[in-house]
Structure formats: structure tokens, C-alpha cells
There are 2 protein chains.
Amino acid sequence: MKSNQTENNLPEPTKAELEILQVLWEFGPSTVRFVNDKLNEQREVNYTSTLKQMQILTEKGILKRDESQMKHIYIPVEAEEKTKVQLLDRFVNTLYRGSASQLMMQLLGNEKTSKQEIEEIKRLLDSME
Amino acid sequence: MKSNQTENNLPEPTKAELEILQVLWEFGPSTVRFVNDKLNEQREVNYTSTLKQMQILTEKGILKRDESQMKHIYIPVEAEEKTKVQLLDRFVNTLYRGSASQLMMQLLGNEKTSKQEIEEIKRLLDSME
DNA sequence: CTAAAGGTACGATGTTTTTCGTACGATACA
DNA sequence: TGTATCGTACGAAAAACATCGTACCTTTAG
């Protein structure tokens with residue numbers, strides 16, 4: 001099958017992979033043990049499952065690791081921002097035909113987006129002038 | 001495995017399922033034939049593959065269908081808006097811990113979001129006062 | 001009437017993603 | 001110094017997704 005890459009970039013992380021990335025983004029470079037513990041705060045996962053995922057992530061080039069110690073330390077290759085931008089871009093293209101303003105409208109119309117959030121967005125825009 | 005539902009809602013559509021939904025959103029209630037033709041404008045898919053997907057979508061309760069004719073007519077159960085809001089909500093929660101303004105910042109910082117888009121967003125916000 | 005065209009049903013198969021068991025090496029410490 | 005603990009490697013099973021072939025029913029045109 002065709003490999004799933006964007007022009008200049010890494011393959012899209014899967015759902016389980018994203019969970020792991022998020023731990024690494026939040027807490028910085030970590031061991032499998034640490035990541036697995038964090039994941040288990042939310043759902044039950046076997047240690048070796050997490051290990052395997054992180055190995056796969058490394059094969060894919062999404063993570064790299066420091067093997068100088070027995071406890072390998074895993075690190076995302078791309079910065080959080082960059083990866084998120086890619087995902088966001090894909091999301092906008094898929095669901096909103098690339099129209100960021102349409103996405104915005106939905107965000108603003110969404111009850112779950114608080115007044116406070118909206119205010120913050122306005123301030124943000126003003127400061128961009 | 002745990003079934004994948006949000007509190008009050010339908011299961012998340014998969015990628016292939018989303019493609020189909022998008023055709024239905026754009027063109028309204030349609031036959032399998034019609035949807036399949038649209039999909040084939042973008043990539044090759046066998047008719048029965050599309051049929052199967054749409055049957056699965058129906059089983060899942062994401063589509064319903066009018067069987068009164070031989071050519072069944074498929075219709076999304078939920079409105080486009082509602083489904084997109086769900087997906088967007090999940091997206092914001094997953095990637096931005098629920099912070100819409102953070103997502104915004106990324107949108108605005110994204111080169112692919114044109115000046116024109118940004119202007120439109122500003123106008124939108126102003127008109128909300 | 002009948003053959004071709006076009007429809008649905010559905011099992012089987014292929015692929016990708018996810019999870020886990022087992023093997024085995026290193027470390028720690030009683 | 002041996003045994004329990006904690007690590008990695010890795011194949012394989014399980015689950016989720018996607019695709020397709022085949023059977024079989026309806027409609028339609030000649």
C-alpha cells in the first residue's frame with residue numbers, strides 16, 4: 001500500500017502513538033516505564049505494549065532514543081508545535097476544506113468554548129494588528 | 001474492548017467513513033452508486049466496498065436509509081454541524097487540552113492560513129459583539 | 001420472455017494498528 | 001553468588017479497518 005506521508009514530513013501518528021507523544025511533550029524525554037505509568041493513570045496498558053509502541057515510533061522516526069543507559073530515554077524528533085501544526089492542517093483540510101475561518105466559527109459557536117476563551121481569542125487578534 | 005463512544009453520542013467515524021459522510025453532506029441523501037462515483041473522482045474504489053462501508057455506517061447508526069425503493073437512499077442521522085462539532089471538540093481536547101484559544105494561535109501562526117482568512121476571522125469576531 | 005444491467009447481502013481476505021507473552025540480558029542486594 | 005527485579009527484543013495473536021468477490025434478486029430493453 002501507499003505509504004502515508006505528507007510532502008516534507010513524518011507519517012501521521014496513530015491514536016495510541018499520540019497518547020505517548022503527549023506524555024513526552026508534557027514531561028519531556030522519558031523512559032518507557034515513566035510513560036507507561038502515566039498512561040496507566042488513564043487506562044490499563046501492559047508495560048510491553050507501551051514499550052512496543054515506543055519502539056515502533058522510533059522505527060518510524062517519530063521518536064529517537066538515547067541508548068547509552070540501560071534505561072533508554074525517548075525523545076520526540078519533531079517539536080510539539082510542528083507536529084501539532086501538521087495535525088491541525090490536516091484536520092482543517094479534511095473537515096473544513098482548508099477554511100480556518102469556518103473552523104473558527106464552529107469553535108466560537110461551541111458552547112464548550114467558554115466566554116473566557118473567546119475573550120482571549122479576541123485579545124489575541126487585536127494584539128496581532 | 002471498550003466501545004468507543006462519547007458520553008451522549010455516536011461512535012467516531014473512521015477515515016473511510018468520513019469520506020462517505022462528506023459526500024452525503026455536500027450532495028445530500030444519495031444512493032451508493034452516487035457516493036461511489038464521487039469517491040472515484042478522487043481514488044479508485046470498488047462499488048461493493050463503498051456499499052459495505054455504507055452498510056456498516058448504517059449498522060453503527062451514523063447513517064439511516066430509505067429502503068422503500070430498490071435503490072436505497074442513505075442519509076446521515078446527525079447534521080453535518082453536529083458531527084463536526086463533536087470531532088472538533090475531540091480534536092481540541094486531545095491536542096490542546098480543550099483550549100480553543102491555543103488552537104487559534106496555531107491557526108493564526110500557520111502560514112497556510114492566508115491573510116484573507118485571518119481578516120475574515122477578525123470580521124467574524126467583530127460582528128459577534 | 002429473456003438477457004443484460006444494476007441493485008443488495010455478506011463472507012472472506014488483506015492491511016494496519018494494538019496488545020501481549022515469552023525469552024533473555026543487566027542490575028541490585030541479601 | 002544466586003535470585004529477584006527491572007530492563008529490552010521480538011514474534012505472534014487480537015482487534016480494528018478496509019477491500020473485494022460472489023451469490024442472488026429486480027428492473028429494463030429488446
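Just so you know, these numbers use all the heavy atoms, side chains as well, and skip hydrogens, waters and symmetry mates. So you know, we letter chains A, B, ... as the sequences are listed, proteins then strands, and number each from 1.
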ask   = Along nucleotides 22-30 of chain D, 5' to 3', which nucleotides get a B, which get an S, and which get a -, given that the test is a protein heavy-atom distance under 4.0 Å?
value = B---SS---

Let me know the distance between [atom1] of [X] and [atom2] of [N], rounded to the nearest Å.
{"X": "A:Asp37", "N": "D:dC6", "atom1": "CG", "atom2": "P", "answer": "11 Å"}
{"X": "A:Glu17", "N": "C:dT18", "atom1": "CD", "atom2": "C1'", "answer": "10 Å"}
{"X": "B:Asn36", "N": "C:dG6", "atom1": "CG", "atom2": "P", "answer": "13 Å"}
{"X": "A:Lys15", "N": "D:dA15", "atom1": "NZ", "atom2": "P", "answer": "17 Å"}

[N] phosphate, OP1 or OP2, under 4.0 Å from [X] side-chain N/O:
{"X": "B:Ser49", "N": "D:dC20", "answer": "yes"}
{"X": "A:Arg33", "N": "D:dG7", "answer": "yes"}
{"X": "A:Gln55", "N": "D:dT8", "answer": "no"}
{"X": "A:Tyr47", "N": "C:dG21", "answer": "no"}
{"X": "A:Thr31", "N": "D:dG7", "answer": "no"}
{"X": "A:Arg65", "N": "D:dA9", "answer": "yes"}
{"X": "B:Arg43", "N": "D:dA18", "answer": "no"}

For residues 17-26 of chain A, which side-chain N or O atoms pair as donor and acceptor with protein atoms under 3.5 Å away, sequence neighbours left out?
from, atom 1, to, atom 2, distance (Å)
A:Glu17, OE1, A:Thr14, N, 2.9
A:Glu17, OE1, A:Lys60, NZ, 3.3
A:Glu17, OE2, A:Lys60, NZ, 2.9
A:Glu19, OE1, A:Arg43, NE, 3.3
A:Glu19, OE1, A:Arg43, NH2, 2.8
A:Glu19, OE2, A:Arg43, NE, 3.2
A:Gln22, NE2, B:Thr94, O, 2.3
A:Glu26, OE1, B:Arg97, NH2, 2.6
A:Glu26, OE2, B:Arg97, NH2, 3.1

State the [atom1]-[atom2] distance between [X] and [Y], to the nearest 0.5 angstrom.
{"X": "A:Leu107", "Y": "B:Leu103", "atom1": "CG", "atom2": "CG", "result": "6.0 Å"}
{"X": "B:Glu12", "Y": "B:Thr83", "atom1": "CD", "atom2": "OG1", "result": "11.5 Å"}
{"X": "A:Met105", "Y": "A:Ser99", "atom1": "CE", "atom2": "OG", "result": "8.5 Å"}
{"X": "A:Leu51", "Y": "A:Asn46", "atom1": "CG", "atom2": "CG", "result": "9.5 Å"}
{"X": "B:Gln55", "Y": "B:Thr48", "atom1": "CD", "atom2": "OG1", "result": "9.5 Å"}

Options C:dT18, D:dA18, C:dA9, nucleotide nearest the side-chain atoms of B:Leu51 =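 Nearest nucleotide to the side chain: C:dA9.
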
message = Taking the basic N atoms (NZ, or NE/NH1/NH2) and the acidic carboxylate oxygens, is any pair closer than 4.0 Å for A:Lys84 and A:Glu81?
response = no

Close N or O pairs between protein and nucleotides 12-14 of chain D (under 3.5 Å):
none

query = On DNA chain C, nearest-nucleotide positions of B:His72 versus A:Lys60: which is more 5'?
reply = B:His72

query = Angle class for the B:Tyr96/B:Phe91 ring planes (parallel below 30°, perpendicular above 60°, tilted otherwise)?
reply = tilted

key: Geometric cation-pi criterion A:Lys38 and A:Phe27, 6.0 Å radius, 45° cone   = yes

